[in-house]
Asker: 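First the structure, then my questions, so here it is.
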There are 2 protein chains.
Amino acid sequence: MTEKAMPSPEAIKAWARLMRVSRQLVERAEDALKQGGLPPLAWYDVLHELAEAGEGGLRPFQLIERTLFAQYNISRLLARLEADGLVEKLPVADDGRGQTIRISAKGRETRRRMWAVYGRSIADLVGAGLSPDELNALSALLGRLRDPPVSD
Amino acid sequence: MTEKAMPSPEAIKAWARLMRVSRQLVERAEDALKQGGLPPLAWYDVLHELAEAGEGGLRPFQLIERTLFAQYNISRLLARLEADGLVEKLPVADDGRGQTIRISAKGRETRRRMWAVYGRSIADLVGAGLSPDELNALSALLGRLRDPPVSD
DNA sequence: AGGCGATAGATGCAAGTGCATCAAGCTTGA
DNA sequence: TCAAGCTTGATGCACTTGCATCTATCGCCT
């Protein structure tokens with residue numbers, strides 16, 4: 001029985017800024033990728049996770065956990081990535097239902113090219129405006145808003 | 001024409017948190033509305049602006065400026081709102097192309113009911129985790145990220 | 001006035017999302 | 001061992017979004 005009351009003015013303002021700024025920044029990063037003829041951010045998220053996972057790859061449900069995408073979304077996103085030759089779907093030895101997704105060489109290359117643009121967007125959009133200390137402070141505050149069960 | 005370099009680790013972390021937290025919070029607020037059988041957040045944003053604008057209403061292009069929605073998005077969102085009787089489209093005297101959008105009584109009522117749920121979400125999701133001072137600090141940091149440099 | 005580019009808003013079509021549900025394989029327990 | 005239920009991943013359908021383009025009107029300049 002914690003929060004029954006309406007939000008404080010401070011909470012409303014912080015929420016409003018968070019909504020507006022995040023939407024605006026996503027939009028700009030997305031625009032930059034489009035400008036470069038590159039796939040959307042969602043593809044980067046998945047390619048990034050798969051690149052981190054290495055040759056072992058990841059199961060789709062692990063991607064769901066890591067990325068916050070819905071199950072059906074991952075399913076279709078992986079289908080598109082596979083159609084573009086950026087990932088491979090491999091059968092799993094000990095589970096006939098499942099599959100392992102592994103990033104391909106082309107996938108790594110695409111991720112690299114996306115990062116060249118995406119990374120610059122991040123540098124421009126947040127790195128430019130705030131000092132390292134301020135960025136850390138922002139990260140810390142945002143970290144406190146994550147939900148109980150989520151870790152980094 | 002500032003940043004050419006790749007982002008600092010601090011910038012990357014702040015960006016990642018911002019992306020993840022904002023997506024998660026939006027999702028939760030959206031879920032709460034759905035749970036209550038209420039329209040999505042986008043409707044609230046528009047109804048809120050129109051309620052603030054009062055009887056004078058707003059032109060669609062003003063809504064675009066205020067909400068960051070794309071033009072075609074506003075156009076169709078307004079069509080849905082009108083179909084639901086939440087807003088009225090009025091002709092503009094001195095501009096035959098345009099229209100003025102005014103919120104209806106039903107629209108105000110819907111907004112009120114949405115706020116009951118949405119406001120509680122805000123209180124739960126951000127008001128609960130951070131003190132007023134921390135919320136102000138967060139708002140200030142986010143404020144510095146608004147209107148970041150645009151490269152044309 | 002007449003022409004021309006700019007602005008306001010709508011819309012056809014393709015692609016993505018959300019929801020519900022499905023099929024297949026796995027696991028458990030009597 | 002086998003039925004019941006869970007997990008993994010795919011998919012049909014309706015709706016929304018994105019893109020490009022269209023129509024209509026406006027404002028300006030000659």
Side-chain angles (χ1 to χ4, degrees), chain A residues 23-24 26-46 49-50 57-84 86-102, chain B residues 23-24 26-46 49-50 57-84 86-102:
Chain A
R23 261 197 292 171
Q24 192 172 44
V26 167
E27 189 184 321
R28 284 177 197 275
E30 207 81 74
D31 283 351
L33 287 170
K34 226 168 295 177
Q35 197 69 20
L38 292 164
L41 272 187
W43 289 37
Y44 184 86
D45 290 346
V46 167
E49 292 299 334
L50 290 173
L58 285 176
R59 301 283 300 269
F61 72 86
Q62 294 178 297
L63 281 169
I64 291 166
E65 293 164 4
R66 284 166 167 72
T67 60
L68 304 184
F69 285 121
Q71 185 271 321
Y72 55 79
N73 220 327
I74 283 290
S75 177
R76 295 200 248 224
L77 183 40
L78 289 176
R80 279 172 245 148
L81 289 170
E82 188 188 27
D84 265 43
L86 305 184
V87 306
E88 298 169 292
K89 293 185 173 181
L90 308 168
V92 176
D94 59 340
D95 189 339
R97 295 167 299 181
Q99 47 188 303
T100 293
I101 309 298
R102 192 167 62 194
Chain B
R23 259 197 294 173
Q24 191 172 45
V26 166
E27 190 184 321
R28 284 177 197 275
E30 207 82 74
D31 282 351
L33 287 170
K34 226 169 294 177
Q35 197 70 20
L38 292 165
L41 272 187
W43 290 38
Y44 184 85
D45 290 346
V46 168
E49 292 298 335
L50 291 173
L58 286 176
R59 302 282 299 270
F61 72 85
Q62 294 178 297
L63 281 169
I64 290 166
E65 293 164 4
R66 285 167 167 72
T67 60
L68 304 184
F69 287 120
Q71 184 270 322
Y72 55 80
N73 220 327
I74 283 289
S75 177
R76 295 200 250 227
L77 183 40
L78 289 176
R80 280 173 242 147
L81 289 171
E82 188 188 27
D84 265 42
L86 305 184
V87 306
E88 298 168 292
K89 293 185 173 181
L90 309 167
V92 176
D94 59 341
D95 189 341
R97 296 167 297 181
Q99 48 188 302
T100 293
I101 310 297
R102 192 168 61 195

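Labels below follow one simple rule: chain letters A, B, ... track the order of the sequence lines, proteins then strands, and each chain is numbered from 1.
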Asker: To the nearest 0.5 Å, how far apart are CZ in B:Arg59 and OG1 in B:Thr100?
Answerer: 6.0 Å

Asker: Using whole Å, what does the distance between atom P of nucleotide D:dA10 and atom CD1 of A:Ile74 come to?
Answerer: 11 Å

Asker: What is the distance from CG of B:Asp95 to P of C:dT7, rounded to the nearest Å?
Answerer: 13 Å

Asker: Would you kindly give the CD-to-P distance between A:Glu82 and D:dA10, to the nearest whole Å?
Answerer: 9 Å

Asker: Which residues pass the side chain to side chain donor-acceptor pair (under 3.5 Å) test with A:Asp84, sequence neighbours left out?
Answerer: none

Asker: Out of curiosity, A:Ile101 CD1 to A:Leu86 CG, how far, rounded to the nearest 0.5 Å?
Answerer: 12.0 Å

Asker: Give the rounded distance in Å between these two atoms: CG of B:Leu77 and C1' of C:dG9.
Answerer: 14 Å

Asker: Does D:dA10 have OP1 or OP2 under 4.0 Å away from a side-chain N or O of A:Gln99?
Answerer: yes

Asker: Among D:dA10, C:dA10, C:dA8, which nucleotide sits nearest the side chain of B:Phe61?
Answerer: C:dA8

Asker: Taking atom P of C:dA24 as reference, at what distance in whole Å does atom CG of A:Asp94 sit?
Answerer: 21 Å

Asker: Judged by each residue's nearest nucleotide on DNA chain C, which is more toward the 5′ side, B:Ile64 or A:Ala93?
Answerer: B:Ile64

Asker: Between B:Lys89 and C:dA8, does any side-chain N or O lie under 4.0 Å from OP1 or OP2?
Answerer: no

Asker: Using a 4.0 Å heavy-atom cut-off to protein, can you give one letter per nucleotide of nucleotides 14-22 of chain C, 5' to 3': B if the base is in contact, S if only the sugar-phosphate is, - if neither?
Answerer: --SSBB---

Asker: If you find the nucleotide of DNA chain D closest to A:Arg97 and the one closest to A:Leu78, which residue's nucleotide is nearer the 5' end?
Answerer: A:Arg97

Asker: Do B:Leu58 and B:Arg66 have side chains that get closer than 4.5 Å, going by heavy atoms?
Answerer: yes

Asker: Could you tell me whether a side-chain N or O of A:Gln99 sits under 3.5 Å from a main-chain N or O of A:Pro60, the two making a donor and an acceptor?
Answerer: no

Asker: Checking the side chain of B:Gln71 only, and the main-chain atoms of B:Ile64 only, is there a donor and an acceptor separated by less than 3.5 Å?
Answerer: no

Asker: To the nearest angstrom, how far is B:Leu63 atom CG from C:dA10 atom P?
Answerer: 12 Å

Asker: Under 4.0 Å between a side-chain N or O of A:Arg59 and OP1 or OP2 of D:dG9?
Answerer: yes

Asker: Counting only side-chain heavy atoms from C-beta out, which of C:dA24, D:dT11, D:dT25 sits nearest to A:Ser75?
Answerer: D:dT11

Asker: Evaluate side chain to side chain contact (heavy atoms under 4.5 Å, CB included) for B:Asp45 paired with B:Leu68, printing each intermediate quantity in order.
Answerer: CA-CA 10 Å; B:Asp45 290 346; B:Leu68 304 184; over 6 Å; no

